[in-house]
There are 4 protein chains.
Amino acid sequence: MNDNEVLSSVKDRELIEKRRNQMIKGAISLFKDKGFHRTTTREIAKESGFSIGTLYEYIRTKEDVLFLVCDSIYEQVRERLEAKIDLQQPSMENFINVIRSYFELMDEMQEEVLIMYQEVKSLKKDTLEYVLEKERAMVGMLERVIKTCVKVEISDQDAELIANNIFIQGQMWGFRRWMLQKQFTLEEYIDRQIHYLMQSLSVQE
Amino acid sequence: MNDNEVLSSVKDRELIEKRRNQMIKGAISLFKDKGFHRTTTREIAKESGFSIGTLYEYIRTKEDVLFLVCDSIYEQVRERLEAKIDLQQPSMENFINVIRSYFELMDEMQEEVLIMYQEVKSLKKDTLEYVLEKERAMVGMLERVIKTCVKVEISDQDAELIANNIFIQGQMWGFRRWMLQKQFTLEEYIDRQIHYLMQSLSVQE
Amino acid sequence: MNDNEVLSSVKDRELIEKRRNQMIKGAISLFKDKGFHRTTTREIAKESGFSIGTLYEYIRTKEDVLFLVCDSIYEQVRERLEAKIDLQQPSMENFINVIRSYFELMDEMQEEVLIMYQEVKSLKKDTLEYVLEKERAMVGMLERVIKTCVKVEISDQDAELIANNIFIQGQMWGFRRWMLQKQFTLEEYIDRQIHYLMQSLSVQE
Amino acid sequence: MNDNEVLSSVKDRELIEKRRNQMIKGAISLFKDKGFHRTTTREIAKESGFSIGTLYEYIRTKEDVLFLVCDSIYEQVRERLEAKIDLQQPSMENFINVIRSYFELMDEMQEEVLIMYQEVKSLKKDTLEYVLEKERAMVGMLERVIKTCVKVEISDQDAELIANNIFIQGQMWGFRRWMLQKQFTLEEYIDRQIHYLMQSLSVQE
DNA sequence: GATGAATGAGATTTCATTCAT
DNA sequence: AATGAATGAAATCTCATTCAT
């Protein structure tokens, strides 16, 4: 299952792409405010700039919109994170840079991540699994960076644990902003998290 | 705002208490399965063992149920965590015991924490704030334990950061179970998290 | 499957009976004009004298209404026909009386029979079968009358054929009224049909 | 009103003919399965081998398709029946042959007749009348055969009655197949119906 | 205090039809 | 002539909430 498998009665590939992007953009902006359940399909259509009938030419059910949105967010995060990682050499400095980039990304994409966190649960088993697989893949990316860059001996299990910790610390900045962003600037938050991460890995910064 | 401020047309204090407990129990068991939005008030009434009419004698809106549920879960977590903390002497060993207890508690209350995690955001601003205040208080408890038990010098800000990290690592065990509980037993998870925590505090275990 | 198996969320047996009768009456009067497909559930509710919400307290889908209507029509026909038959002695005269009664019944219930004929096809397999079973039963009643009253030797197969012929000749009076009722009064129609029936059975009238 | 009066924005007579035939063929195959109301115009277009846009170049409303289908079916039946009749000499034997041919035709065209039977009533008054006129004509054909071939004195009224009886006995073979085709082969059915018909006309077979 | 029938606003989805290309 | 994307009215069905008993 991927976003091409959300059935559309329109045939033109490019048009589908274009309309779905409008749709995703519109939907995200609404979901931010009111969440998935409180947003109506009519509102999504309107916000996307077309009629309700047209909306349904590009999806089959309201849940498809949610899937498209979640998929798109994950895809964005993954792409941007991958871009950072690919360019790096396996050194501690680069490890820190990746983590920093990840935190910055999570800051930029706060709203989107928040949507995902709150709404993913509304997906049906099938699509949910597909989306969770993407999350697993992203944690996997962090794991690989850890195993590649960190000199200290770390078991696979521990690498996974640390990757998970970093992963949700990044998200936490967004979904616990009401608490954290009162006490920290982004800079401070990143610095202190990295500081403790280094310590826990017994590495001199 | 607290749970007594959820208006009821019934006068008898004790009865309100009793009925609301039935209600919370019923609602939690439903929310676990289907989430707040997909659960109907009729279902809540039925699961609670009384009629829809009776349900509405004890609340005013469906959201009141969610509030009551969240409030009750927070209260349970707080109480049980407090019980562990109050009895402890300020030592590193006790610190570790508190953390361990907290993780164990999160394991026992996984389902409830999941509900909280996913549904709290459906509360309206007013009630949301009230509930988040409770969360802040719980993080505060962890903060105090850190400041009291850990000998190393830690700024207030850092204590808050660490408290938050611990807090969500506890929750993560539940809401990322599809990932973590495949790789770790609870014991292992706790041990490794505590291990890295100790290292990050530059403390010999 | 019978009409009690159309699920209702109302519990009061008597009330269900009452409301469903309102509903059937309302629906029949609408189906006469516009048929099942062109009639909306809102119209059915209104015609029945209650709100759309109430309608759906007594049925689950629009098709349930159709089933209830068909079932009720069959039941009426069956009951009234049975009443005529039970009282008769097995004689040729009585046979003729039954046929006559049946034709008269079909005349009185023209509209209802028309609805059944045009709309039964919209029932789903399950319910359709249930309804056709009733039709088979009614033809069976005629068959038994034939075998009992007619002295001439008639095979089971032939009895069934004749029963079917009579059965649809009765219905034809209603659904081909645009043709027949211009040329025949009911009396004439019955007399001539019986005349030819008697001849085909080689019986002196 | 005839099929040329279904307006088309295409000028080319031959093309109209060709497209409409595709359409009728496609529509019949769909109506067999799902009936008129459950079939969408998109499906008709697709089954016919062209686009929805093209469909609407050759008709104005969905009902036009139904009309075209009914008209075409009647036309086929009429033509084929006429072919049988024209060739016959006015004898009892030929009468029987016509009846036999008619029953065989109804067997071959069961599905089509079923569509007619069930869907004609969805036509609007105007078109309905036009189609019923064709039915009247067909019954008229049978009437004429009766009056010509049967030696026994039969009033006009009786001829019409018998023609109607034969007419629907033919259709009945198709629309009551769930009942009749379990008990009779086509041969048997025809033989017995003709047997009783002869008896009712007091004719030795 | 308890009940549950009644309500109707509102949600999702479909589909006949149009019209620019 | 043919296409198929766009439209939006209208249909079915749900469900939080009320209120008479």
Side-chain angles (χ1 to χ4, degrees), chain A residues 8-12 15-16 18-19 37-45 49-65, chain B residues 8-12 15-16 19 37-46 49-65, chain C residues 8-12 15-16 18-19 37-45 49-65, chain D residues 8-12 15-16 19 37-46 49-65:
Chain A
S8 164
S9 48
V10 173
K11 292 167 184 175
D12 184 334
L15 192 54
I16 294 180
K18 181 180 156 198
R19 292 278 179 261
H37 281 104
R38 284 203 233 280
T39 302
T40 69
T41 50
R42 290 196 121 78
E43 287 169 322
I44 295 170
F50 35 70
S51 71
I52 184 66
T54 300
L55 181 72
Y56 276 89
E57 292 285 302
Y58 294 91
I59 54 162
R60 280 200 310 183
T61 69
K62 189 186 175 191
E63 216 214 278
D64 283 347
V65 180
Chain B
S8 163
S9 51
V10 175
K11 302 298 165 210
D12 183 336
L15 193 53
I16 294 181
R19 291 278 179 259
H37 281 106
R38 287 205 225 280
T39 303
T40 69
T41 51
R42 274 170 144 97
E43 288 170 318
I44 296 170
K46 192 171 186 188
F50 37 71
S51 71
I52 184 67
T54 301
L55 182 72
Y56 274 87
E57 294 290 310
Y58 294 92
I59 53 161
R60 272 188 319 171
T61 69
K62 190 186 173 190
E63 217 214 273
D64 284 346
V65 180
Chain C
S8 164
S9 49
V10 171
K11 292 165 185 177
D12 183 334
L15 194 53
I16 293 180
K18 180 180 157 199
R19 292 279 178 260
H37 281 105
R38 285 203 234 280
T39 303
T40 70
T41 50
R42 289 194 122 79
E43 287 170 320
I44 296 170
F50 36 70
S51 70
I52 183 66
T54 299
L55 180 72
Y56 276 91
E57 293 285 303
Y58 294 91
I59 53 161
R60 279 201 310 186
T61 67
K62 190 187 175 190
E63 216 212 277
D64 283 346
V65 180
Chain D
S8 163
S9 50
V10 174
K11 302 296 166 213
D12 183 337
L15 192 53
I16 293 181
R19 292 279 179 260
H37 282 107
R38 287 205 225 282
T39 303
T40 68
T41 51
R42 276 170 143 97
E43 288 171 318
I44 296 169
K46 192 171 184 188
F50 37 72
S51 72
I52 182 69
T54 300
L55 181 72
Y56 273 88
E57 294 289 310
Y58 295 91
I59 54 160
R60 270 189 322 170
T61 70
K62 189 187 174 190
E63 218 214 272
D64 283 347
V65 179

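Basis for what follows: all heavy atoms, side chains included, without hydrogens, waters or symmetry-related copies. Convention: sequence-line order gives letters A, B, ...; per-chain numbering from 1.
- As rounded to whole Å, 15 Å separates atom P of dC19(E) from atom CD1 of I52(D).
- Checking S51(A) against E63(B), the closest nucleotide of DNA chain F that is more toward the 5' end is the one next to S51(A).
- For L55(A) and dT7(F), the CG to P distance is 11 Å, given to the nearest whole Å.
- Checking dA5(F), dA5(E), dT7(E) against the side-chain heavy atoms of D12(C) singles out dA5(E) as nearest.
- Listed pair T41(A) / dT12(E) meets the phosphate criterion, a side-chain N or O lying under 4.0 Å from OP1 or OP2.
- Side chain of V10(C), nearest nucleotide from dT17(E), dA11(F), dA5(E): dA5(E).
- Considering OG1 of T41(D) and CG of D64(D), their distance stands at 12.0 Å, rounded to 0.5 Å.
- Separating the OG atom in S51(B) from the CZ atom in R42(B) is a distance of 11.0 Å, to the nearest 0.5 Å.
- For K11(A) and dT3(F), the NZ to C1' distance is 9 Å, given to the nearest whole Å.
- If you take CZ of R19(D) and C1' of dA1(F), they are 8 Å apart, rounded to a whole angstrom.
- Residue Y56(C) places at least one side-chain N or O closer than 4.0 Å to OP1 or OP2 of dC13(F).
- Side-chain N or O atoms of S8(D) include none that pairs as donor or acceptor with a backbone N or O of I59(D) at under 3.5 Å.
- For the pair Y58(B) and dG1(E), the criterion of a side-chain N or O lying under 4.0 Å from OP1 or OP2 is not met.
- In this structure, the CZ atom of F50(B) is 14 Å from the P atom of dG1(E), given to the nearest Å.
- For the pair R38(B) CZ and dA16(F) C1', the interatomic distance rounds to 18 Å; values are reported in whole Å.
- In this structure, T40(D) reaches the sugar-phosphate backbone alone: every heavy-atom distance under 4.0 Å involves primed, P, OP1 or OP2 atoms, never a base.
- Within the 4.0 angstrom heavy-atom criterion, base atoms lie near T54(D).
- The CD1 atom of I59(A) sits 10 Å away from the P atom of dT12(E) (whole-angstrom rounding).
- Atom pair R42(C):CZ and dG8(E):C1' shows a separation of 8 Å (rounding to whole Å applied).
- The structure places CD1 of I44(D) at 8.0 Å from CD1 of I52(D), a figure rounded to the nearest 0.5 Å.
- Residue L15(C) has its side chain nearest to dA5(E) when only dA16(F), dT12(F), dA5(E) are considered.
- The aromatic rings of Y58(B) and F50(B) sit tilted relative to each other, their planes meeting at an angle between 30° and 60°.
- Residue contacts shown for T61(C) are limited to sugar-phosphate atoms, with no base heavy atom under 4.0 Å away.
- With a cut-off of 3.5 Å on both pairing distances, the Watson-Crick or G-U wobble partner of dT21(F) is dA2(E).
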